[in-house]
Amino acid sequence: MEYNFADIEQKWQQFWVDKKTYHVEIDESKPKFYVLDMFPYPSGAGLHVGHPLGYIASDIYSRYKRHQGFNVLHPMGFDAFGLPAEQYAIKTGTHPAITTEENIERYMTQLNNIGFSFDWDRKVVTSDPDYYKWTQWVFTKLFSSWYNNASDKAEDIHLLVQIFEINGNIKIAAACTQEETFTADEWKAMSEQEQQGILMNYRLAYQSHTAVNWCPELGTVLANDEVKDGLSVRGGHPVVKKTMKQWSLRVSAYAQRLLDGMEKLDWSDSLKEMQKNWIGKSVGATVFFRLEEHEEKMEIFTTRPDTLFGATFMVIAPEHEWVTMLTKEDQKTEVEEYVVWAKNRSERERMTEVKKVSGVFTGSYAIHPFSGNRVPIWIADYVLTSYGTGAIMAVPAHDSRDYAFAKKFDIPIVEVVSGGDISVESYDAKTGVLVNSDFLNGMKVKQAVGEAIKKLRALGIGEKQINFRLRDAIFSRQRYWGEPFPVYYKDGMPQVLNIKDLPLELPAVDKYLPTEKGEPPLARAENWNTKDGYPLEVDTMPGFAGSSGYYLRYMDPTNQTQYFSPEAVNYWQDVDLYIGGAEHATGHLIYSRFWNKFLFDLGMVVKEEPFKKLVNQGMIQGRSNFVYRIKGTNQFVSFGLRKEYDVQRIHVDINIVDNDVLDTEAFRKWQPEFANAEFILEDGKYTCGWEVEKMSKSLYNVQNPDELIEKYGADTLRLYEMFLGPIEQSKPWDTKGIEGVFRFIKKFWRLFHKQENELELSDAEPTKEELKVLHKTIKKLHEDIERFSFNTGVSAFMICANELSELKCNKRVILEPLTVLIAPYAPHLAEELWQLMGHNESIVDATYPEFNEAHLKESNFSYPVSFNGKMRFMIDLPIDMGKEEVEKAVLAAEEAQRWLEGKTVRKIIVVPKRIVNVVVG
RNA sequence: GCUCGGAUGGUGGAAUUGGUAGACACGUUGGACUUAAAAUCCAAUGGGCAUUGCGCCCGUGCGGGUUCAAGUCCCGCUCCGAGUACCA
């Protein structure tokens with residue numbers, strides 16, 4: 001008798017395709033439920049065991065919701081633009097579209113082997129012109145919109161032009177990079193060119209000269225979230241700052257809404273925290289300082305206006321536009337040297353040498369707005385151009401960075417908030433009483449902040465101000481394999497294409513490399529112009545362009561005239577459950593929310609937030625194995641004996657290690673250099689060492705799901721991935737536990753079968769005991785699935801199967817509901833059993849078994865009895881017994897006597913249906 | 001540095017509201033079945049002491065505390081992971 005998973009799984013996967021079991025359509029008669037996975041980038045390496053983890057969880061949840069009568073949208077697609085395919089193209093000349101297509105095929109096969117309930121009719125591929133048409137279309141909308149801070153939403157750029165024509169930009173409250181003001185008359189007097197130039201400062205998709213993260217190795221610009229520790233996230237190449245003309249998205253306009261929107265979301269605290277930090281709201285004041293020898297006033301931003309009297313110097317960034325203006329003749333050489341040095345430092349150096357204090361005095365002074373004192377102006381690279389105004393007032397007594405700087409350059413440190421000891425270190429806390437601060441003296445920090453701002457406002461030299469760390473997203477990439485911008489240049493000014501000219505398809509190029517002049521690969525394309533001969537943009541969009549709105553396209557994936565129809569979005573609304581990795585916290589998940597809010601402002605989507613609930617699956621780490629070679633020899637010593645020799649630890653392929661025991665023959669064949677390896681064994685075995693590391697090819701610890709499916713079947717893989725541990729936790733992959741799940745599946749199968757693998761079910765009435773087992777399981781599974789505790793869910797199935805085996809229960813009334821219960825977890829197994837039990841329809845729409853409390857009713861409860869908090873014995877008592885009787889029964893119990901002997905009972909705690917604790921002394 | 005997680009047997013983990021710590025598995029050991037292997041089944045399995053039976057003591061990273069009762073709550077540490085990094 002054997003459970004033949006290979007045939008059964010094959011059979012049902014085919015059945016699902018033939019019957020279109022997972023195809024969904026709008027169905028007004030049912031409530032909708034939208035379960036989304038973060039779609040993968042189809043890499044050449046195929047799936048490893050870590051990828052499907054989240055997909056399995058979401059698949060279980062989708063199937064569960066379907067059993068409960070929901071119309072479930074559970075699509076899958078591919079984030080298909082990206083660097084690896086392009087790098088491969090550069091090496092081999094193969095068009096990235098071809099590589100991508102092949103990889104997608106492979107991914108789909110692998111995914112289908114796991115038995116997912118995706119509706120492939122809704123597949124979305126970001127590199128497909130049918131799809132990126134709409135990415136381009138949204139870009140044109142962003143280009144034609146500005147952000148009105150008064151109405152707090154995006155509006156059409158024509159409305160802005162109308163306002164300019166009436167009032168100029170004087171009264172406008174907009175998210176913009178425009179600094180100069182102009183009147184209506186001035187606006188009207190401008191040339192078309194000039195007007196377009198001004199509008200660019202308001203558009204939500206805009207072009208500007210900005211300092212960008214340039215990665216020479218990749219030959220492209222990267223967004224902030226694509227750079228970590230001064231290196232590119234993809235590839236780990238160095239990144240430098242460079243000023244270039246680039247497209248950006250004005251994400252910062254939405255900073256406050258992105259922050260506010262999170263409150264209602266059912267996301268993990270850690271993820272919300274990450275986004276909050278990334279958005280980085282800080283409330284403070286903007287203050288203008290007069291300059292001693294110039295008309296201009298220097299604007300600074302501070303979160304501590306209360307400490308104004310402690311400002312003993314000012315600092316501007318080395319890139320600040322006033323560096324030359326403020327530099328005095330005798331400081332010139334020094335300043336120039338410093339600025340050159342600071343600019344040439346790589347981002348990486350600048351980051352790793354944070355503690356190194358450097359700077360130079362300009363020779364100029366500002367005038368303190370309250371005291372009238374002269375305040376020296378310094379240049380230092382700890383002040384960044386990109387945040388605030390690129391200039392600060394330095395309060396060394398209450399800011400650790402200013403403190404370090406003042407100490408190094410011997411600048412006075414004046415305490416203005418009491419509470420610390422500024423002779424030792426700065427006192428940064430926002431508690432204490434103001435001193436040395438004229439009219440602020442005696443106030444608490446919070447009050448002083450308010451009073452200082454009041455005074456600044458009265459003097460007309462300052463204002464309350466909110467700043468965000470969130471930067472606009474740089475949207476240009478100097479690469480080939482991305483969406484072309486729907487943009488052409490007319491007299492040097494960018495214009496967007498009309499929807500009828502979309503999609504603008506990627507042109508053919510002879511090589512996937514920059515041109516000799518250093519232009520991006522698209523510049524190689526022949527006749528890369530509009531029909532009218534205007535040159536097209538040669539940059540392409542970044543990876544996050546296509547992934548920002550893909551969840552919307554799933555709702556109506558084949559629509560040729562619209563991004564998605566109003567009917568579709570009104571029905572599917574938003575994503576109810578989104579499962580994916582936390583690594584997208586500051587990238588995709590911010591961009592997507594921005595994208596959605598923009599479309600919400602346009603009235604196209606119905607929910608302001610796209611992802612109601614979000615679950616982060618933890619990473620699956622690798623478990624590496626090691627062998628120990630005695631240095632300079634070809635002798636390998638077993639783990640336990642390694643300390644007796646001078647050894648070198650070497651990674652060994654986990655596929656030739658079983659339960660940490662090395663297959664020495666396989667090892668000799670593994671790599672030529674080990675062909676003559678000799679082994680020093682322990683107990684006749686070679687035991688390997690192990691360690692949890694990243695899952696990576698180079699560490700020989702990659703587990704491929706295909707091999708496991710071949711050996712154990714998809715249902716076992718599904719259950720095992722869930723059984724491994726909590727979904728949100730990172731955990732090492734260790735194959736040895738899979739046997740236990742495999743045994744469980746076979747055991748489950750055996751409940752329904754007799755020796756010859758022949759179905760044998762009894763139609764007898766179930767016993768009380770059997771009903772209890774079933775209903776206990778129903779209850780447990782319901783609770784576990786709702787709190788995404790899939791590991792305990794699987795163990796509940798195991799307990800159930802163990803108990804039913806013990807009871808030798810093969811009754812239909814028990815096993816039939818159980819089959820439905822397990823269907824979301826092990827769909828192939830469930831379908832087969834369901835059919836064997838005589839059903840002609842797929843199990844996917846079978847009604848989920850209902851929990852009946854009555855079956856769990858007990859007449860007795862087995863009380864654990866503790867003495868002074870230590871559990872000593874159990875006592876069986878009627879469940880409805882009153883506290884006092886319980887007390888009596890416990891004290892009278894035979895087992896209790898030895899604990900009571902010679903002691904006085906001080907207190908008895910009885911918690912009904914929980915515990916009894918007797919306090920003796 | 002800051003923010004957020006986490007630490008429970010040989011291993012993965014369970015304990016949902018403060019109430020029997022170690023569910024469920026893996027592994028290990030012993031046994032049954034078998035010519036043998038596989039598969040399956042049974043038993044033991046946190047540490048220590050006692051094994052003449054009942055048993056007893058210790059035990060959830062460390063040190064304190066609250067409580068009849070703490071893995072769970074509070075205070076102070078240590079270590080590990082993730083995010084972030086001169087954000088004024």
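Residue numbering restarts at 1 for every chain, and letters A, B, ... go by the order of the sequence lines.
- When the P atom is compared between B:C24 and B:U78, the two are found 38 Å apart, to the nearest whole Å.
- In the set B:C68, B:U20, B:G13, B:G13 carries the atom at the smallest distance from any side-chain atom of A:Asn791.
- In B:G6 the O4'-C1'-N dihedral to the base is more than 90° from 0, which defines an anti nucleotide.
- Counting to the nearest Å, the P atom of B:C56 and the NZ atom of A:Lys870 are 10 Å from each other.
- Place A:Glu806 and A:Gly388 on RNA chain B by their nearest nucleotides, and A:Glu806 ends up nearer the 5' end.
- Between A:Lys772 and A:Glu858, at least one side-chain nitrogen of the basic residue sits less than 4.0 Å from a carboxylate oxygen of the acidic one, meeting the salt-bridge criterion.
- Separating the P atom of B:U66 from that of B:C79 is a span of 28 Å, rounded to the nearest Å.
- Using a 4.0 Å cut-off between charged side-chain N and carboxylate O, A:Lys779 and A:Glu853 make no salt bridge.
- In the set B:C86, B:G12, B:A15, B:C86 carries the atom at the smallest distance from any side-chain atom of A:Asp381.
- Comparing B:C26, B:A39, B:A15 by their closest approach to the side chain of A:Lys736 singles out B:C26.
- You'll find that the side chain of A:Arg469 is closest to B:A85, out of B:A85, B:C86, B:C68.
- With both ends at atom P, the span from B:G13 to B:C4 equals 24 Å, rounded to whole Å.
- Side-chain contact check for A:Thr586 and A:Asp225: no donor-acceptor pair (N or O, by modelled atom type) lies under 3.5 Å.
- Rounded to an integer number of Å, the gap from A:Arg623 CZ to B:G27 P is 12 Å.
- Side chain of A:Glu273, nearest nucleotide from B:A88, B:C4, B:G83: B:C4.
- Taking both residues in full, the closest heavy atoms of A:Asp428 and A:Arg304 are given as O-NH1, 3.4 Å, listed atom of the first, atom of the second, then distance.
- Using modelled atom types, one finds a donor on one side chain and an acceptor on the other under 3.5 Å when comparing A:Glu682 with A:Ser638.
- Closest to the A:Pro726 side chain, of the nucleotides B:G13, B:C24, B:C56, is B:G13.
- Across every strand in view, B:U20 sits unpaired, with no contact that passes the Watson-Crick or G-U test at under 3.5 angstrom.
- Here the closest heavy-atom approach between residue A:Val414 and residue A:Ala397 is recorded as O-CB, 3.1 Å.
- Base pairing analysis places B:U78 opposite B:A7; the two distances defining the Watson-Crick or G-U wobble pair are each below 3.5 Å.
- Shown here, B:C49 forms a base pair with B:G55; the pair counts as Watson-Crick or G-U wobble because both key distances fall under 3.5 Å.
- Cation-pi geometry between A:Arg623 and A:Trp733 is not met: the NZ or CZ atom fails to fall both under 6.0 Å from the ring centre and inside 45° of the normal.
- If you check B:C73 for Watson-Crick or wobble pairing at under 3.5 angstrom, you find it paired to B:G65.
- With a cut-off of 3.5 Å on both Watson-Crick or G-U wobble distances, the partner of B:G1 is given as B:U84.
- Applying side-chain contact (heavy atoms from CB on, under 4.5 Å) to A:Pro318 and the options A:Val383, A:Thr385, A:Ile379, A:Leu384 leaves one that passes, A:Ile379.
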Find every protein N or O atom lying less than 3.5 Å from an N or O atom of nucleotides 16-19 of chain B, and list the pairs.
{"from": "B:U16", "atom 1": "O4", "to": "A:Lys780", "atom 2": "NZ", "distance (Å)": "2.5"}

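- Of the listed nucleotides (B:C56, B:C24, B:A85), B:A85 has the atom at the smallest distance from the side chain of A:Trp278.
- Closest to the side chain of A:Ser270, out of B:U20, B:A14, B:C4, is B:C4.
- Figure legend. B:A15 is base-paired to no nucleotide; pairs are counted as Watson-Crick or G-U wobble with both atom distances under 3.5 Å.
- For A:Trp899, whose side chain is taken as the heavy atoms from C-beta onward, the closest listed nucleotide among B:C24, B:C26, B:C56 is B:C56.
- With rounding to whole Å, A:Leu724 atom CG is found 14 Å from B:C26 atom P.
- When heavy atoms are screened at a 4.0 angstrom cut-off, A:Met393 is found touching no nucleic acid atom at all.
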